[in-house]
Amino acid sequence: MHLLEVENLTKNFGGVTALNEFSFSVDSHEIIAVIGPNGAGKSTLFNVITKIHPATNGIVKFKGEDITKLKAHDIAVKGVSRTFQDVRTLNEMTTLENIMIGCHRTTRTGLFSSFLYLPRVRKEIEHVKELSMKYLELVGLDKTDADKPAGALPYGARKLVELARALVSDPELLLLDEPATGLNDVEREHMAQLLFDLRKMGKTWILVEHQMEFVMGSSDRVIVLDFGNKIAEGTPDEIKKNPEAIAAYLGEEDYA
Amino acid sequence: MRKHYVALLVIAVILAVLSFVLPISEQRTLVFIALFVLTLIGQVIFLGYTGQILLCQATFMAIGGYGTAIITVKYGVPSIVGILFGVVLGIIFAYIIGMIILRLRTFYLAIATLAIALITDALLKGWISLTGGYSGITGIPPIAIGGLVFENVNLFYGLAWIIAFIGWLFALHLGRSRFGRALKTIKGNEMVASSVGINVTKYKVTALMITGAYAALSGALMVHFMGLALPGFFSIEESFLIIMAAILGGASSVYGVFLAAPVLEYLPDLFLKLGDYKLIIYGLLFVLVPMYFMDGLVGLVTRLARRVHKIRLKNYPSGKTIAG
């Protein structure tokens, strides 16, 4: 059984087909990169899997279970965690709090024990803080950033905060929406190294990128999307030689 | 956390001392302030934590107040049962309207809750067989717990503040816990909230139910203290004043309520003196407060403190600097 199976997924926005009968699957511990020029439907794919947008047609299965009809928060509870292309840190909260909210899925205390601040509530808060601090350091943020408002951090650091927020819930599947976009060379190098380390930890993720070179070294399998259609799938080496994939990218450069 | 408990203890001690010193009339005022604190805590949770606008808090107060008034006066049930009934009614009402209106956001939510406040106003005045119309309900018995009857102001003063403090502690605790963190996430970004597994609708509705419970309790205590329930207690103006005071006090801080509640108590008197100019001041406040005071008096104090701190840093360049 695959961890994630996407079957004939179609998404129309009015008359525009953002995804057209798109199928693929992901196994545990596998790293998949979805690449393609801007507007190819990459972010739409994530938004449909996580139910920000409902699918027009097709099925998404997670661990064999059809999650197409589930609500966004239920999909997250099942263990699908994501980051956003346009960084969405909560800028008035501190950096640490931003990571702490990722623990919602793995914690349990309810309303009435919170009112009374029972010992287990205190214990949970301590645990969540410790864990979040661990992930804050894991993604390479500075300890002193923990109490700063997230909005005070530079863009690249906020991307790391978001990654830590997604990681802290120990997701079974991670969806990374353009983690390298908007980063400078140093930050991009750091992100690549970080993903390399995470891979050794046995995480599973799908990565959306339009920078080909960023994904080539770090993926098991690459899927090329263009205008909502899958035009190629294979190992990075195969994709490098695939004429259609190259054409799609040459096309993009023509526009640029 | 300890510093918050100490702060509360200090406030409690001051209020306890005041209960021996102040004349009865001032104690009455402080009872009302305690009841406003209770209502305003509801705003801290709904506006401050969750970031949602509610312009009908007086409706929940009315439900609590009239709920207990009707069943204690007409059916002679004990006051404690009446108050519980009022609070449960408030919670149920919050659940029902929450399921309907909480899919709305910002202005649309404000308008919907405004409509509820208007309907409440009309019902309290017009549904005479139930509410007694303009003359309200009189002869509401004082609160009695066992043999202890809270008839005099001094006793009620103690009761009201103890309840307000418990309510305040609950809100403080909630703000730190997983539940409160979920509410704050919703305030920050609903899409992020659902992406980490927070059921946004469920949490919003629950937050409204808590807010409704606080307001209904406040309203119920108020009518038992006054011995009567009048539409004027729960007018639309009251709802406006509550949210304005909540913003002024600094809705995102639990300490704001202690600044906001006196405002809520004294502002109507001030308005009374203004006569016809009242509406102008009202309108100005409504525009200026959200524009410049979104973080309220607490925010203002913090900003000032920060400015003073910065000046001090400038004067002593060897001191700690703020890393850019």
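Letters A, B, ... mirror the listed sequences (proteins, then strands); counts begin at 1.
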Measure distances from [X] to the heavy atoms of chain B and classify the residue's part below 4.5 Å as side chain, backbone, both or neither.
| X | result |
| --- | --- |
| A:Met93 | side chain |
| A:Arg122 | neither |
| A:Ile125 | side chain |
| A:Thr107 | both |
| A:Thr109 | both |
| A:Ile75 | neither |
| A:Val128 | side chain |

Evaluate the side-chain proximity of B:Leu47 to B:Leu54: yes if any heavy-atom separation is below 4.5 Å, no if none is.
no
Residue pairs passing the side-chain hydrogen bond (donor to acceptor under 3.5 Å, both in side chains) test where at least one lies in residues 131-143 of chain A, sequence neighbours excluded:
A:Asp142-A:Thr144
Enclosure of B:Tyr108 OH (heavy-atom neighbours >12, cutoff 6.0 Å)
no
Has B:Phe165 got more than 12 heavy atoms of other residues, nucleotides or ligands less than 6.0 Å from its CZ?
yes
Against chain B, work out which of A:Leu116, A:Asn98, A:Val121 has the most heavy-atom pairs shorter than 4.5 Å and name it.
A:Leu116
Heavy-atom pairs under 4.5 Å with chain B - which of A:Gly102, A:Ser114, A:Ser113 has more of them than the others?
A:Ser114
Sort out for me which of B:Leu169, B:Leu174, B:Ile198 touches chain A most, counting heavy-atom pairs under 4.5 Å.
B:Ile198
Salt bridge flag under 4.0 Å for residues A:Arg158 and A:Asp86
no
Aromatic contact between A:Phe46 and A:Phe84, with the criterion being ring centroids under 6.0 Å apart: yes or no?
no
Are B:Tyr203 and A:His73 an aromatic pair by the rule of ring centers under 6.0 Å?
no
Worked verdict on A:Leu207 versus A:Ile31 for side chain to side chain contact (heavy atoms under 4.5 Å, CB included)
CA-CA 8 Å; A:Leu207 174 87; A:Ile31 313 293; 5.6 Å; no
So what's closer than 4.5 Å to chain A heavy atoms on B:Ile166: side chain, backbone, both or neither?
neither
